[in-house]
4 protein chains.
Amino acid sequence: MSKNHKRSCPVGRWQRRKEARPGEIIDAALELFCEKGFAGTRMDDVARHAGVTKGTVYLYFENKEALFYALVNEMVVPQVERAENMIANYTGSAASLIEILIKQWHENIIKTKLSGIPKLIISESGNFPELAKFYIDNVIQRGRRMMARVIEKGIERGEFIKCDPDYVSRVILSSMVFTAVWERSLASLDDETYDVEKFFDTQFEIMLSGLKKTK
Amino acid sequence: MSKNHKRSCPVGRWQRRKEARPGEIIDAALELFCEKGFAGTRMDDVARHAGVTKGTVYLYFENKEALFYALVNEMVVPQVERAENMIANYTGSAASLIEILIKQWHENIIKTKLSGIPKLIISESGNFPELAKFYIDNVIQRGRRMMARVIEKGIERGEFIKCDPDYVSRVILSSMVFTAVWERSLASLDDETYDVEKFFDTQFEIMLSGLKKTK
Amino acid sequence: MSKNHKRSCPVGRWQRRKEARPGEIIDAALELFCEKGFAGTRMDDVARHAGVTKGTVYLYFENKEALFYALVNEMVVPQVERAENMIANYTGSAASLIEILIKQWHENIIKTKLSGIPKLIISESGNFPELAKFYIDNVIQRGRRMMARVIEKGIERGEFIKCDPDYVSRVILSSMVFTAVWERSLASLDDETYDVEKFFDTQFEIMLSGLKKTK
Amino acid sequence: MSKNHKRSCPVGRWQRRKEARPGEIIDAALELFCEKGFAGTRMDDVARHAGVTKGTVYLYFENKEALFYALVNEMVVPQVERAENMIANYTGSAASLIEILIKQWHENIIKTKLSGIPKLIISESGNFPELAKFYIDNVIQRGRRMMARVIEKGIERGEFIKCDPDYVSRVILSSMVFTAVWERSLASLDDETYDVEKFFDTQFEIMLSGLKKTK
DNA sequence: GATGAATGAGTGTTCATTCAT
DNA sequence: GATGAATGAACACTCATTCAT
């Protein structure tokens, strides 16, 4: 009847949260790995950030590395799929699709904790090449192909000038991805602040006016 | 990762001890820090890579952190100065200057070990905010201003359309810097290889045709 | 291995809690302690082997150590009593009594899980001196006296030559006990297999012909 | 000139003992592993017993298990070889050779730290089957064959009655080995003390008079 | 009674740093 | 100057034990 009947049992040490735990731990790990790096993050810290003790982390993840892998798996693939679906169903112009993709990148990645992933993968690529490879194959390459297909469509539709869709895709994505990396690393230390939205608008305008056919 | 990075004396951090130039140590450290991260690199490895023993590293650098600071200081400032001098003396068009800057970035940074620096700073920014701050102030901001001045000149000279030079500068630099980061992290793991030169050409063309005034 | 074995309350150590008989737990513990040692055995394993969960073990035994003590107490004393009764009622020759004792050792100890006890006690004597002491006083010494009495009787009856019954007892028992230890430790790893029965026959024959008076 | 010129440098933290270290560590490990078991022994304890700190142990042994393996390797093989050489060169009677072997077992094994090895191997056989196998193949089996060959020779020379040398060998060795195990485990806890020498004398006499041919 | 999620003390192992040689 | 044996603090991971359900 009352909305808080769950709280009738006092919040204590023995709360069971089997369902929620892994997600909480992964969130904590993402934040900390991204901030301090994999090696620089203590399992104890991850645990404390997730509101549990060290031992509990090991109930859900075999070891630190498994936690890292789970984190990337969990966080990354759904995003790619969402974007691919969006593109598949889109019927408007290539230019407007690019605009939407950039906007969504801003809303769903840059503004969320997900923006930590690219920085994390890049930072740890030397120590976890296999994981980096997974990310390249399942995120980067798919992203690249998505954007390339959009460009291609724009060329086919007569919207865009002739160009190599793969390279144009890389150029557009590079500053999008860099922005995520930047926001999660140096942005907060830079006293010359900027407006991410305006950044993306600028990028969009220049790129598009460079790509658009002038009739 | 020790939590007292910040407590180590900030004075004298930037000097190497002695006259001798343990450039090999710095080179080894750059390579290894970039590959494995600061925490993941053992002083022993740095030493061995430099052809000396562990103790010797400590003759020249007070500790691991000092080595990191020295590395960044040593490697970074000369580049910026070189670029600034180049711009100051340049008399041609803004467009051609941008082309030259991109080419030099490719030749002098991307193709050399120096490209490891941005990846390293980004990766370790959470653990070494002071160092990151130094890098931002002495490299990033100066680079941004350089590029912005070029754009500004282009607008003044009637070459370019009206735009916000600061944001355009950020857009151009973002994919340039990202390319360095990419080459030092994921590029070697990506089976879809690409030609960096063509990447920069594509970027240059699109950006420029987006910026150029059409008479 | 905690250093405070000795501090755990010595009273009540020998009792199982509750009426129910968690014989399966003790069986599981015997098997696992014997195989992996006390420290090397996880309570979780004991529980799983006994078909219950970890918590349940603690319903019946105060802690791991208490389980060990209960195990030894449970398993050991009945055997000694059975043997003592057998001897008390025996009326035949000393030689045939020895033969019977060896046979029974083979049947009731060597061939059963009980053979694990000596190996276990020996292995853990350093960590559980009190328990080892209990075993010595209640099993070893009583066994030694039993065998010594048989020898003595043999001497008295004129069957055996004059000898020190205590030492002869020790010699006979040493290979009997060793066989139990061997079977529970190295036997299965030795590719030079042997027949335990023939081993005991050989021992019996040699010892007896060495002991018997030649008229 | 003075005998203690080595002591002229004060005993301190920085003494280098590269040559001596491994042996000291192995000695400490043997004692502690035997007393507390492998799992129950802390590397810290081993180190302290050897007069060093934990880190130093890892300079010489890759890990705890490697230390265990090294210990067995180091300690065991030389003994077997010594015994085999002795037998090969022996020209006297089989009976006297057995007597010598028992005496040497007493002097060189039982009375020394080496007597800890059998107990240790037996205790840890479940956790280190490979090491146990090594011990069986290189020590036990060779010991068994040695003793069997002596018995065989005794039979050939007409000293001993017909019997199966392999089984007789096993019977004799079982109480010899057991004595080592006993001395390193329960002996010190047993208030019924005994004289090991007399034990072996008793064994020798009974066995021999059981084996000897009566003309 | 039984469960199993959670705890936290304990231990193996690593590695930056020191300093006698 | 250079070495490398030694140190010891730090951290990943384990597991006996607890207790809310």
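Sequence lines set the chain letters: A, B, ... in the order given, protein chains first and strands last, and positions in each chain run from 1. Small disclaimer: the values here were computed from a predicted structure and weren't measured.
- At whole-Å resolution of the value, CD in E24(C) and P in dA2(E) are 11 Å apart.
- To the nearest 0.5 Å, atom CZ of residue F68(A) and atom CG of residue N63(A) are 12.5 Å apart.
- Listed nucleotides: dT13(E), dG1(E), dA2(F). Nearest to the side chain of L59(B): dA2(F).
- For Y58(A), taking side-chain heavy atoms from C-beta onward, the closest of the listed nucleotides dA16(E), dA12(F), dT7(F) is dA12(F).
- In this structure, N63(A) places its CG atom 14 Å from C1' of dC11(F), rounding to the nearest Å.
- Between T56(D) and the phosphate of dA5(F), there is no side-chain N or O to OP1/OP2 separation shorter than 4.0 Å.
- Note: CZ (R42(A)) to P (dT14(E)) measures 19 Å, nearest angstrom.
- Taking the nucleotide of DNA chain F with the nearest heavy atom to each of T53(B) and V52(D), the more 5' of the two is matched to T53(B).
- As rounded to whole Å, 20 Å separates atom P of dT14(F) from atom CZ of F38(C).
- Side-chain proximity of K54(D) to dG1(E), dA9(F), dA5(E): nearest is dA9(F).
- Proximity of L71(D) to F33(D): side-chain heavy atoms (C-beta onward) are separated by under 4.5 Å at one or more points.
- In this structure, D45(B) places its CG atom 8 Å from P of dC15(E), rounding to the nearest Å.
- The side chain of K64(C) lies closest to dA16(F), out of dG12(E), dA16(F), dG4(F).
- Judged purely by atom type and a 3.5 angstrom limit, K119(B) uses its side chain to pair as donor or acceptor with the backbone of C34(B).
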Secondary-structure notation, DNA chain E, from Watson-Crick and G-U pairs under 3.5 angstrom (| other strand): .||||||||||||||||||||
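- Rounding to whole angstrom units, CD of residue E65(D) and P of dT13(E) are separated by 9 Å.
- Between the K54(C) side chain and the R48(C) main chain, no donor and acceptor come within less than 3.5 Å of each other.
- F61(B) contributes atom CZ, which lies 8.5 Å from atom CE of M43(B) (distance to the nearest 0.5 angstrom).
- For the 3.5 Å distance criterion, the side chains of S185(D) and S125(C) fail to qualify, holding no donor opposite an acceptor.
- Atom CG of D44(D) and atom C1' of dA10(F) are 14 Å apart (whole Å).
- Set against dG4(E), dA16(F), dC15(E), the side chain of M43(C) has dA16(F) as its closest nucleotide.
- Map G51(B) and E62(A) each onto its nearest nucleotide of DNA chain F; the residue landing nearer the 5' end is G51(B).
- Protein atom CZ of R48(D) is 13 Å distant from nucleotide atom C1' of dT7(F), rounded to whole Å.
- Using a cut-off of 4.0 Å between Lys/Arg side-chain N and Asp/Glu carboxylate O, E130(D) and K133(D) are scored as not salt-bridged.
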